[in-house]
Amino acid sequence: MPATLASLVHHSALKLVVRAGEDRLDTPVRWAHVSELADPVPWMEGDELLLTTAMKIDAADPETIRGYVRRLATAGVVGLGFAVGVNYDEVPQALIDAAEAEGLPLLEVPRRTPFIAISKAVSAAMAADQYRAVTAGFEAQRELTRAALAADGPAALLSRLAAHLDGWAALYDASGAVVAAAPDWAARRAARLTDAVARLRERPAPATAVVGSEQGADRVELQSLGSGRRARGVLAVGTGAPLGTAERYAVQAAIALLTLTTERSRTLQDAEARLAAAVLRMLLAGEAEHARAVAGELYGTLLDEPFRVLVADGDGTGELADAVETAASRAAEPVLAVAEDERLTVLLPDGGATAAACAAWARTAEGRLAAAAERGGGDATAVPAAGLSAPTGRAGAGAAHHQAEQALSVARRRGRVLVGHEDVATGSVLPLLADDAVRAFADGLLRSLREHDATGRGDLVASLRAWLARHGQWDAAAADLGVHRHTLRYRMRRVEEILGRSLDDPDVRMELWLALKTTSD
């Protein structure tokens with residue numbers, strides 16, 4: 001404990017006597033300062049015990065001494081030590097009355113007690129308190145280190161940290177979700193701070209923030225974890241008061257240990273990324289067994305079971321990568337992820353938590369796009385498109401990757417965030433043709449017919465559309481057009497002559513029908 005007025009009064013060598021403010025002796029004393037100035041306030045910082053002999057002030061004059069004591073109390077002085085036997089044989093009653101009126105503790109200092117002895121006592125108490133704090137901090141570091149090496153790692157560490165702080169602690173992952181908390185009830189409180197955690201994660205690590213909790217019940221300090229530009233997690237600690245020296249040591253130790261736990265060395269990350277890329281290349285090259293051998297225990301179990309291939313492209317793949325990493329870590333699922341520029345390729349277990357997390361990410365992203373569209377703003381390019389293959393084994397990885405690429409293409413054309421291979425065949429094929437190259441081909445194929453119609457010499461385009469829509473049935477198509485079937489036959493011969501192609505060819509009919517649908521108004 002730091003020095004207090006009570007500890008100084010009980011110090012047997014000082015022989016101090018309380019003359020006023022006996023009910024406020026538990027106030028901590030930050031320092032003891034000697035001043036004979038009539039107004040020492042400009043040189044005070046607060047929380048000091050002021051020592052004086054009243055050499056330059058009339059301590060017996062009620063009006064003078066009231067102003068003096070009032071200035072000291074307003075400045076945050078915690079006590080006044082008045083030496084007797086120097087300028088005054090005893091403490092003036094006016095000083096006692098003024099101290100009582102302001103609630104300022106007044107200590108009588110006997111002549112045989114030098115002021116330096118009081119200063120030394122305060123300094124010794126401060127040093128002892130600092131030593132106790134440092135010792136407690138080192139002990140906390142040892143306990144936290146042992147907890148971090150336990151089987152449940154972060155959970156055990158948070159439990160010990162919460163005990164040291166007499167409060168609570170919580171750990172957030174890279175996505176801002178609560179992954180562990182101690183005591184158990186703290187998870188609910190930590191969940192209410194996700195907005196503050198999100199704001200902290202946007203700042204370069206290391207970063208810290210102090211926020212309030214519900215109804216001001218506690219003080220919450222947030223600390224980002226990680227040595228790189230992006231935070232790999234956030235530690236939250238909640239206490240009833242600002243952290244002391246020992247508590248600060250414990251928190252700093254926890255930050256260091258959790259950083260080591262949540263962020264592997266950059267060299268190891270690079271090596272794992274290179275291994276993942278090599279395994280993926282071998283799978284796509286058809287070398288499934290070689291890929292399995294190289295994957296070993298790191299990705300081997302993933303390749304032994306049905307998995308899916310996800311391919312994402314565009315701005316924002318980092319957010320998807322974080323969602324994949326978080327879900328895989330929580331579910332202890334093996335996942336192979338390869339990021340190259342703005343393209344992300346992921347091999348993930350079929351039907352696992354990671355696949356569910358990708359679907360949840362897509363729903364959230366599409367919700368943001370819809371909300372932005374309603375506001376008349378937003379940029380669709382800020383959200384990547386992704387395609388997901390059907391389940392496969394390692395021998396079919398190449399085909400699954402092709403399926404994911406196809407699904408990705410469909411997602412872009414449909415304006416979707418995520419499309420699965422099973423969804424590719426749903427809907428119409430026509431949206432797949434809605435790009436400039438296909439439109440240019442259709443316009444070129446039908447241009448000569450449209451130019452013929454523009455001269456007023458017939459209606460070949462409408463006739464061709466009606467005839468194809470009726471699968472070449474002359475009477476039905478002629479009835480739709482309101483012309484004689486011989487007129488329709490003549491028009492179809494003109495179509496063949498102008499195009500130089502036979503309508504008996506099913507490929508020609510297919511191309512003409514798609515061209516008509518693609519360019520229809």
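The basis for the numbers below is simple: all heavy atoms, side chains too, and nothing from hydrogens, waters or symmetry mates.
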Might you work through the salt bridge (Lys or Arg N to Asp or Glu O under 4.0 Å) test for Arg394 and Glu305, ending with a clear yes or no? CA-CA 8 Å; Arg394 59 177 179 266; Glu305 301 292 338; over 6 Å; no
Under the salt bridge (Lys or Arg N to Asp or Glu O under 4.0 Å) rule, what do Glu340 and Arg281 come out as? Steps first, then yes or no, please. CA-CA 13 Å; Glu340 296 176 347; Arg281 284 195 297 269; 5.2 Å; no
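In this structure, CZ on Phe307 lies 4.5 Å from CG on Leu347, to the nearest 0.5 angstrom. Atom CG of Leu283 and atom NE2 of His290 lie 12.0 Å apart (nearest 0.5 Å). Within the model, atoms CG of Leu310 and CG of Leu418 stand 6.5 Å from one another, a figure rounded to the nearest 0.5 Å. From Leu193, atom CG reaches atom CG of Leu200 across 11.5 Å, with rounding to the nearest 0.5 Å. Interatomic distance, Leu5 CG to Leu106 CG, rounded to the nearest 0.5 Å: 11.0 Å. Summarising the geometry, atom CZ belonging to Phe115 is positioned 6.5 Å from atom OG1 belonging to Thr52; distances are rounded to the nearest 0.5 Å.
Proximity of a side-chain donor or acceptor of Ser7 to a complementary backbone N or O of Thr4 within less than 3.5 Å is detected. With hydrogens and angles ignored, the 3.5 Å screen pairs a side-chain donor or acceptor of Thr74 with a backbone N or O of Arg70. In terms of modelled atom types and a separation under 3.5 Å, the side chain of Ser224 and the main chain of Ala207 share a donor-acceptor contact. Remark: the backbone N or O of Ala250 is not paired with any side-chain donor or acceptor of Gln252 at under 3.5 angstrom. Between the side chain of Arg203 and the backbone N or O of Thr208, at least one donor-acceptor pair lies under 3.5 Å. At least one donor-acceptor pair under 3.5 Å links the side chain of Glu36 to the backbone N or O of Met55. One N or O on the side chain of Ser389 and one on the backbone of Val309 form a donor-acceptor pair closer than 3.5 Å. A donor-acceptor pair under 3.5 Å is formed between the side chain of Arg30 and the backbone N or O of Gly46. Although no hydrogens or angles enter the test, the distance criterion places no donor-acceptor pair under 3.5 Å between the side chain of Glu22 and the main chain of Arg19. No side-chain donor-acceptor contact under 3.5 Å links Arg416 to the backbone of Ala411.
Salt bridge annotation for Glu247-Arg219: absent, with no cationic side-chain nitrogen under 4.0 angstrom from a carboxylate oxygen. Taking 4.0 Å as the cut-off between side-chain N and carboxylate O, Asp61 and Arg66 do not count as a salt-bridged pair.
Closest approach of Ala291 to Val279, counting heavy atoms only: CB-O, 3.9 Å. A pairwise comparison of heavy atoms in Ala98 and Val69 identifies O-CG1, 3.7 Å as the closest pair. Taking every heavy atom of both residues into account, Ala190 and Tyr172 meet most closely at O-OH, 2.6 Å. Residue Ala276 comes nearest to Leu336 through the heavy atom pair O-CD2, 3.7 Å, listed as atom of the first residue, atom of the second, then distance. Ile65 and Ala94 get closest at one heavy-atom pair: CG2-O, 3.5 Å. Among all heavy-atom pairs drawn from Val311 and Ala404, the shortest one is CG2-CB, 3.7 Å.
In this structure, Pro334 and Leu298 have side chains that are not in contact, with every pair of non-hydrogen atoms separated by 4.5 Å or more. At a threshold of 4.5 Å between non-hydrogen side-chain atoms, the residues Leu80 and Leu104 count as touching. At a threshold of 4.5 Å between non-hydrogen side-chain atoms, the residues Val78 and Pro28 do not count as touching. Annotation: side chain of Ile118 is in contact with side chain of Leu49 (closest heavy-atom distance under 4.5 Å). Pro105 has its side chain within reach of Leu25: a pair of non-hydrogen atoms, C-beta onward, lies under 4.5 Å apart. Looking at Arg189 and Trp168, their side chains come closer than 4.5 Å, going by heavy atoms from C-beta outward. Leu408 places a side-chain heavy atom less than 4.5 Å from the side chain of Arg343. Side-chain contact check for Leu235 versus Leu158: some heavy-atom pair is nearer than 4.5 Å.
Between the side chains of Asn87 and Thr53, at least one donor N or O lies within less than 3.5 Å of an accepting N or O.
Heavy atoms from other residues, nucleotides or ligands lying under 6.0 Å from CD of Glu45 number 12 at most.
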